[in-house]
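Let me begin by presenting the structure, written as structure tokens, before commenting on it.
Both ligands and their constituent atoms are indexed starting at 1 by order of listing. All values below were derived from every heavy atom in this structure, side-chain atoms included, with hydrogens, water molecules and symmetry-related copies excluded.
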Amino acid sequence: MTSIDRYAVFGYPIKHSKSPRIHQIFAEQTGQSLEYSPQEVPAEQFSAAVARFFAEAGKGLNCTIPLKELAWAYADKKTERAQLSKAVNTLALQADGSILGDNTDGIGLITDLMTNHAISLAGSRILILGAGGASRGIIVPLLEQSPHSIVIANRTIDKAVNLATEFQDKGSISGCGFSNLKNQQFDLILNATSTSLSGQLPPLPECLLAKNGVCYDLAYSNEPTVFVRWGLENHAVKSLDGLGMLVEQAAEAFFIWRGVRPETRPVIELLDSERKPTQFTT
Ligand code: ATR
């Protein structure tokens, strides 16, 4: 008897994760036979829980907040993008029994911006709000698209400056505080702070968004986040949240595990249609 391939997402909390649903749809769509379940894992139990999962014939794991740095430390080998981002959201069992760590968040964002929303990044002035783990994971994939420049603005200025310094050999990138943003304009503003989750917004000067500029919140919610609303109020041509990025990073993980690329658009459309009917773009 052959047993079904097992996958899971570990996080804390995990109850509201959309990942099990997304992977179930991917599996049905591609005719893959697998099981994907959510598991609430506190940080202090992470290593033991991962070891048990793979010992019990688990094939692959997604790791989400607050476990991505621990997953990075756990992996036997890491892809270059995971190595640079110092965070891992995908663990995959390899043929030799080792565990490969990857980070699909950055490529998920790029695919959502460029493929799903036809947003061009080459030559654009990009502002990233926040200098935590979420920002770190998207810097290199963004720089690879040859933007004009990236500015990281953060409440704790040192963190923004240090993060920018780490990647300065890869493109034009600098760090500053929110008050240093006066008189500057950006074509794309990405919110990578954790403020959306608490319904807050970093202090942003007026006129920050250039004409035809785009706002993108890495967080997602059933209602427009405060930052998505800020974008709409500031005449963003598109003001998006991270639902598309979530589905795209999941598709990339699915590809790593199964070698098959699911179609993401119908999944994004389905999940979007289940939210409250709200206008997310102007
Ligand atoms: P994540 O892994 O999700 O990025 P994190 O590493 O804790 O989480 O980073 C959270 C980010 O949100 C940080 O940039 C944090 O700013 P500080 O570095 O100054 O702490 C930012 N952040 C959280 N609450 C904020 C607030 N109320 N206003 C502005 N920035 C905030």
Side-chain angles (χ1 to χ4, degrees), residues 9-14 16-19 41-43 46 62-75 78 81-91 101-110 112 126-142 150-167 173-182 184 186 188-206 208 215-221 225-231 234 241-243 245-246 249-250:
V9 55
F10 285 5
Y12 194 89
I14 201 64
H16 299 292
S17 171
K18 293 188 193 293
S19 294
V41 176
F46 179 75
N62 280 139
C63 299
T64 185
I65 292 169
L67 307 173
K68 293 183 188 181
E69 285 81 8
L70 291 171
W72 185 85
Y74 189 97
K78 287 176 272 276
R81 62 191 180 189
Q83 190 64 38
L84 288 167
S85 67
K86 293 198 178 151
V88 154
N89 73 343
T90 305
L91 293 171
D102 202 349
N103 190 329
T104 64
D105 287 333
I107 187 69
L109 170 69
I110 300 293
D112 195 37
I126 300 176
L127 171 63
I128 300 175
L129 306 172
S135 308
R136 173 181 286 281
I138 61 174
I139 290 172
V140 172
L142 286 168
I150 295 182
V151 173
I152 305 169
N154 197 44
R155 180 175 59 182
T156 312
I157 300 176
D158 281 0
K159 277 172 68 180
V161 172
N162 292 342
L163 191 57
T165 307
E166 229 182 283
F167 296 100
I173 181 163
S174 60
C176 65
F178 296 120
S179 60
N180 304 104
L181 295 172
K182 283 193 195 92
Q184 294 196 61
F186 298 91
L188 172 64
I189 306 180
L190 297 149
N191 182 26
T193 68
S194 49
T195 54
S196 284
L197 305 172
S198 55
Q200 294 170 301
L201 192 67
L204 301 175
E206 283 175 23
L208 192 61
C215 286
Y216 194 105
D217 198 335
L218 269 60
Y220 65 89
S221 164
T225 66
V226 214
F227 181 69
V228 166
R229 288 207 302 271
W230 182 89
N234 284 272
D241 78 355
L243 181 69
M245 175 179 172
L246 175 80
Q249 65 75 31

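In this structure, atom 28 (N) of ligand 1 lies nearest to the protein heavy atom Thr195 CG2, 3.5 Å. Ranking protein heavy atoms by distance to atom 20 (O) of ligand 1, first place goes to Arg155 NH2, 2.9 Å. Ranking the protein heavy atoms by distance from atom 2 (O) of ligand 1 puts Gly133 N, 3.4 Å first. Among protein heavy atoms, the minimum distance from atom 19 (O) of ligand 1 is reached at Thr156 OG1, 2.5 Å.
No more than 12 heavy atoms of other residues, nucleotides or ligands sit less than 6.0 Å from atom OH of Tyr12. The 12-atom threshold is not exceeded at NZ of Lys86, counting heavy atoms of other residues, nucleotides or ligands nearer than 6.0 Å.
Heavy atoms of Lys159 found under 4.0 angstrom from ligand 1 belong exclusively to the side chain.
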Please lay out, stage by stage, how Ser19 and Asn62 fare under the test side chain to side chain donor-acceptor pair (under 3.5 Å). CA-CA 9 Å; Ser19 294; Asn62 280 139; 5.0 Å; no
Could you go through Leu129 and Leu204, starting from their C-alpha distance and side-chain angles, then the distance that decides it, and tell me whether this counts as side-chain contact (heavy atoms from CB on, under 4.5 Å)? CA-CA 10 Å; Leu129 306 172; Leu204 301 175; 3.8 Å; yes
Working note: Thr156 + Asp158, criterion side chain to side chain donor-acceptor pair (under 3.5 Å); need CA distance, chi angles, decisive distance, verdict. CA-CA 6 Å; Thr156 312; Asp158 281 0; over 6 Å; no
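With values rounded to the nearest 0.5 angstrom, Ser135 atom OG is found 7.5 Å from Leu218 atom CG. How far CD1 of Ile138 is from CD1 of Ile152: 8.5 Å, rounded to the nearest 0.5 Å. Atom CG of residue Leu181 and atom CG of residue Leu127 lie 5.5 Å apart, to the nearest 0.5 angstrom. Note that CZ of Phe227 is 7.5 Å distant from CG of Leu201, once rounded to the nearest 0.5 Å.
Near Gly132, the atoms of ligand 1 lying under 4.0 angstrom from a non-hydrogen atom of the residue are 4 (O), 6 (O), 9 (O), 14 (O). Interface atoms of ligand 1 facing Thr193, defined by a heavy-atom separation under 4.0 Å, are 11 (C), 12 (O), 21 (C). Residue-ligand proximity, Gly130 to ligand 1, at heavy-atom distances under 4.0 Å covers atoms 14 (O). For ligand 1, the atoms closer than 4.0 angstrom to any heavy atom of Ala134 are 1 (P), 2 (O), 4 (O). Close contacts between ligand 1 and Gln200 involve ligand atoms 27 (N) [criterion: under 4.0 Å to a heavy atom].
Residue-to-ligand polar distances keep Glu69 apart from ligand 1: every N/O pair is separated by 3.5 Å or more. At under 3.5 Å, a nitrogen or oxygen of Ser194, whether backbone or side chain, sits near a nitrogen or oxygen of ligand 1. No N or O atom of Phe178 sits closer than 3.5 Å to an N or O atom of ligand 1. Some N or O of Ala131 is nearer than 3.5 Å to an N or O of ligand 1, by distance alone.
In this structure, atom 7 (O) of ligand 1 has no protein heavy-atom contact shorter than 4.0 Å.
Using a 3.5 Å distance cut-off with no hydrogens or angles, the side chains of Ser85 and Asn103 do pair a donor with an acceptor.
The heavy atom nearest to atom 13 (C) of ligand 1, out of those in Asp158, Asn154, Leu129, Ile65, is found in Asn154.
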